[in-house]
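Just the heavy atoms: all of them, side chains too, but no hydrogens, waters or symmetry mates, feed the values below. A quick note: this is a predicted structure, and the numbers were derived from the prediction, not measured. Within every chain, numbering begins at 1; the chains are lettered A, B, ... in the order of the sequence lines, protein sequences first and strands thereafter.
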Amino acid sequence: MNVEQELRRALRPADPGPRFTERVVAMAQSGAGRAVGSAPAGRKVLRRAGWVVAALAASVTLATSAGLAYLQYQRWAEARTAHDQLVAALRFVSAEFDEVQRKVAGRDARPTAQEQNRQR
Amino acid sequence: MALAQASLAAPGHDATLERARAGDVEAFGDLERQHQRMVFGLALNVVRDRPAAEDVAQEVFLQLHRGLAGISSAAHLLFWLRRVTAHRAIDAARRDRHRVRERPDEVPELVVVRHDGDPLLVRTLRRLVAALPPAPRTVVTLRYQEDLDPAEIAMMLDMPVNTVKSHLRRALAVLRARAAQALAGEEDER
């Protein structure tokens, strides 16, 4: 068995079939260089469209995520402000109570008028 | 060798090329007719799918039409066509590898089988070549369809000569072994 000789027989040039030349010449003449609607061109357009869809989907996802993150941040900032205001109010009330308590305690410590007369 | 073997490098073909370069559509059609069997055969042997091979051949000729100004002679044209077809066919074969395609048993008949060889062996070899990976398949096709030597194939595929030789050596060993197995199996069945 001479494989190389048989390979030459098996791999002969092949005929693309009738009208191939007409098709190619017509496409070349149309000036497009690449036939509109030809399979490779179609596949390339589909591939490109696939990328565009993927890019759009990625953009939408990114924009939605960014929007949600911003809303969450806004809520957190509002809660933080409310917390700070509450703490400040409690501190103020606490200081007022201290002041009142101090005054009340000072009055209790002073002698009454009867006690002062008795001492005299 | 390829350039010497090219009967297409005759003066008449250079004149056709000249006319095609000058914008003569009929001359471009003649050039296309002269080379279409080589281009389509090469594409079909590599991509293994008739419509895909037609696409490859069509793109090659349209690219040629766009770049005719850069082709200096009939020999240059032949080299250019082989090189561009081989690269485009490998790309197509790799791109479409994931696609469901015909089983190797159903690889289309490339030509009417002449009765000057063993038709069974020819069919078996065609099926086995179709099962090789795209790069070795292209190397084998350029070697046995176009009768190019390893140095020319290396230049055409931008591949080191030793890589081409190793693809050829391995592919031939595999083809010999599997063809013998397949033929032995066929004979056992008879």
Side-chain angles (χ1 to χ4, degrees), chain A residues 1-70, chain B residues 25-26 28-30 32-33 36-45 50-66 88 92 95 108-111 113-114 116-119 121-129 140-147 172 175-176 179-180 183:
Chain A
M1 175 174 67
N2 186 342
V3 171
E4 293 188 69
Q5 197 180 328
E6 297 301 331
L7 272 172
R8 286 192 176 88
R9 288 200 182 97
L11 302 175
R12 279 193 181 127
D15 204 327
R19 303 179 66 84
F20 181 78
T21 305
E22 284 172 42
R23 244 183 1 250
V24 170
V25 171
M27 282 175 192
Q29 255 183 320
S30 76
R34 190 178 289 271
V36 176
S38 73
R43 276 200 289 271
K44 273 179 191 164
V45 167
L46 279 180
R47 252 203 319 274
R48 226 171 276 154
W51 279 110
V52 170
V53 169
L56 278 175
S59 307
V60 169
T61 308
L62 199 66
T64 310
S65 306
L68 284 174
Y70 180 69
Chain B
V25 176
E26 209 173 300
F28 174 71
D30 288 343
E32 193 276 335
R33 264 185 291 273
Q36 65 174 14
R37 295 190 78 245
M38 180 276 285
V39 169
F40 179 71
L42 188 50
L44 184 56
N45 280 322
R50 211 175 163 89
E54 274 186 32
D55 288 345
V56 168
Q58 182 181 295
E59 291 287 315
V60 168
F61 284 115
L62 291 177
Q63 189 179 340
L64 170 68
H65 187 259
R66 289 194 296 271
R88 277 184 178 269
R95 202 169 47 231
E109 290 293 312
L110 300 185
V111 287
V113 177
R114 293 182 198 164
D116 52 358
D118 179 353
L121 179 57
V122 165
R123 213 166 39 240
T124 305
L125 282 174
R126 199 175 290 149
R127 199 183 66 223
L128 293 174
V129 169
V140 168
T141 304
L142 285 168
R143 177 77 186 96
Y144 296 104
Q145 182 192 304
E146 293 303 300
D147 212 16
L172 277 178
L175 291 173
R176 267 195 198 104
L183 291 177

I'd like a table of donor-acceptor pairs (distance under 3.5 Å, sequence neighbours excluded) in which one partner is a side-chain atom from residues 60-67 of chain A, with atom names and distances.
unit_1 : atom_1 : unit_2 : atom_2 : d
A:T61  : OG1    : A:A57  : O      : 2.7
A:T64  : OG1    : A:V60  : O      : 2.7
A:S65  : OG     : A:T61  : O      : 2.7

Between CG on residue B:L44 and CG on residue A:D15, distance to nearest 0.5 Å: 11.0 Å
Spacing of CG belonging to B:L125 relative to CD belonging to A:E6, to within rounding of 0.5 Å: 7.0 Å
Heavy-atom pair of closest approach, residues A:A28 and B:L62: N-CD2, 3.6 Å
From B:H65 atom NE2 to A:Q29 atom CD, the distance as rounded to the nearest 0.5 Å: 7.5 Å
Members of residues 16-26 of chain A whose heavy atoms come closer than 4.5 Å to chain B: A:P16, A:G17, A:F20, A:T21, A:R23, A:V24, A:V25
Region of B:E32 in contact with chain A, defined by heavy-atom distances below 4.5 Å: side chain
Atom of A:A14, atom of B:F40 and distance for their closest heavy-atom approach: O-CD2, 3.5 Å
Spacing of A:L11 atom CG and B:D147 atom CG [to the nearest 0.5 Å]: 11.5 Å
Results of side chain to side chain contact (heavy atoms under 4.5 Å, CB included) for B:E26 - residues two or more places apart only: B:D24
Atom group of B:L172 that falls short of 4.5 Å from chain A, counting heavy atoms: side chain
Residues which pass ring-ring contact (aromatic ring centres under 6.0 Å, His included) with B:F61, listed by chain and number, not counting sequence neighbours: none
Within-4.5 Å side-chain heavy-atom neighbours: B:R143 and A:R8: yes
Contacting region of B:V140 [heavy-atom separation from chain A under 4.5 Å]: both
4.5 Å side-chain heavy-atom contact, A:E4 and B:R176: yes
